[in-house]
Amino acid sequence: MLHKRLQQFVLVYAAGVLSLILMKYLLHLSDYVIPGPLEIWRTALSVFVRYLRNVADTLWIAVVGHLISILLAFAIGIAGRRASWIGSLIHAAAYNIQAYPMVAVAPIIFILLGDGIIARLLIAVMICYFPLLLSVISILSEPVDSVEHFYEATGRMNWRLQMRIRAYENIHKLTTVIVGSATMAMVGTIVAEFVAADAGIGYSIRIALYQSDLSKILAALFLIGISTSLYLTALEWLGNVIQRKCQA
Amino acid sequence: MMQIECQNISFQYPHTDIRVFQQLNCRIDDAGFHALFGPSGLGKTTLARMMAHEIGGYSGQILSDSSKKILYTHNMERLPGWASIGDIILSSIPVSDAERMQMLTDAFGMRPCMNARFRRLSLGQKNRANLIRYLLQDFDMLIMDESLANVDETTRGRIIITLKTLFAEKTFLYISHNMLEVARFCKDIIVLRSPDRLPQVQTLQGQDIMDAESFSMPAVEQTMLEIVHAS
């Protein structure tokens, strides 16, 4: 699983770098715009350890933000699964909020909370949470009639049993949604760091942008790709373990 | 004592022109094993779910003693898959009913499967497991919509006889397309017809046999002929 995902990423990454180099030579662009392959390699080696630490910092925030989003999405999703006015309100609010580009709110958060961990975490959660919530609500509000009928007919249904049935029956969908939202958590964290934070790989990219140093940006992108692949693979593995356990 | 009565039921599915029932009348007077018979697509399931108060929006009325508990089960139902079917059934009955459960398990030939998960069972075993858990509930009338589908004929006969023996005071309404089975085992046979043919329901008397081995074949054939004429 990891092998395949890393292989796919490296292929796409290499294709991207190659097209940049090709563009450089075809359009006779200077090293200032697109550095040569040797310069990219040298820069990558020089920043590798520092960027690795930065990526680890970003990944840590993304994982925590993702976990918080999952917990919140399930808590609110369970409350919002009902066809009551609370459910409708939660659904409508989540639908409208997730349609709004959260990154535009990031400056307000940085003004209010400063540029520390809390602001990065909050933006990561906000970007990841709302699409996740919508998916969780739609999965958990879908009745599994063939299983639920007996409990409804005999008056044994309660919300815990209902959630258990729906989560169990849709475990594949839920794990897919959780794995998919991990990318959103990573994106949210990097965007937050890029906008105003003072740490993480997004912050390093911002500095590299100010220096117009494409080599550093490419090195950062490589490490982001590798770390995201590792995280997604870990989640997929966990999802498979849970699914296998359910199918046992 | 009347068990259930449908009076002048008319119904069409919402937002469609499909008329399902037109002034439909039928009744079941006594406890016992009865049948609802008719070609596919005429509304047997809809009528059964109306009787179990799972569908509304019809005109006319369905009368039954309000204290009577009517349950509806169908052959597409599944047990949750997170535990063995034995544990799932036990979790939905009082502890004191565990002995009854064992008895039904044996009578239905399900003892070897009780430690298996639902998805590991054959279709016939799934239907029997589902029926067992309904039989262990508190009910006065159980509507069995193709509940013995995919069960072999011999076992089906044995199960029906068991139901008639162990639950003699209860009312069963059995929906099946097996005319021979309906003619042999059922007491009242409610034959449902197209809404263009009035009356939409004809009630016949089945052979209501209590022993799968000894019955009069000519009498069963006569009942089957009546069912064919009625439907």
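Each chain gets a letter, A, B and so on, in the order its sequence line appears, and its residues count up from 1. Just so you know, these numbers use all the heavy atoms, side chains as well, and skip hydrogens, waters and symmetry mates.
- Residues passing the side chain to side chain contact (heavy atoms under 4.5 Å, CB included) test with A/Ala106 are A/Phe110, A/Ile123, A/Val195, sequence neighbours excluded.
- With a 4.5 Å cut-off on non-hydrogen atoms, A/Glu169 touches chain B through its side chain but not through its backbone.
- Under the 6.0 Å distance and 45° angle rule, B/Arg133 counts as a cation-pi partner of A/Phe150.
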Test log, rule side-chain hydrogen bond (donor to acceptor under 3.5 Å, both in side chains), inputs B/Gln61 and B/Gln7 = CA-CA 5 Å; B/Gln61 51 184 347; B/Gln7 286 183 344; 3.0 Å; yes
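- Relative to the ring axis of B/Phe37, B/Lys44 does not place its NZ or CZ within 45° and under 6.0 Å from the centre.
- Listed options B/Glu54, B/Arg117, B/Lys69, B/Arg119 were ranked by heavy-atom pairs under 4.5 angstrom with chain A; first place goes to B/Arg119.
- Of the atoms belonging to B/Gln137, it is side-chain heavy atoms, and not backbone ones, that fall under 4.5 Å from chain A.
- In this structure, B/Glu169 places its CD atom where more than 12 heavy-atom neighbours from other residues, nucleotides or ligands lie under 6.0 Å away.
- For B/Phe118, no part lies under 4.5 angstrom from a heavy atom of chain A.
- Only the side chain of A/Tyr168 comes within contact range of chain B, with at least one heavy atom under 4.5 Å from a heavy atom of that chain.
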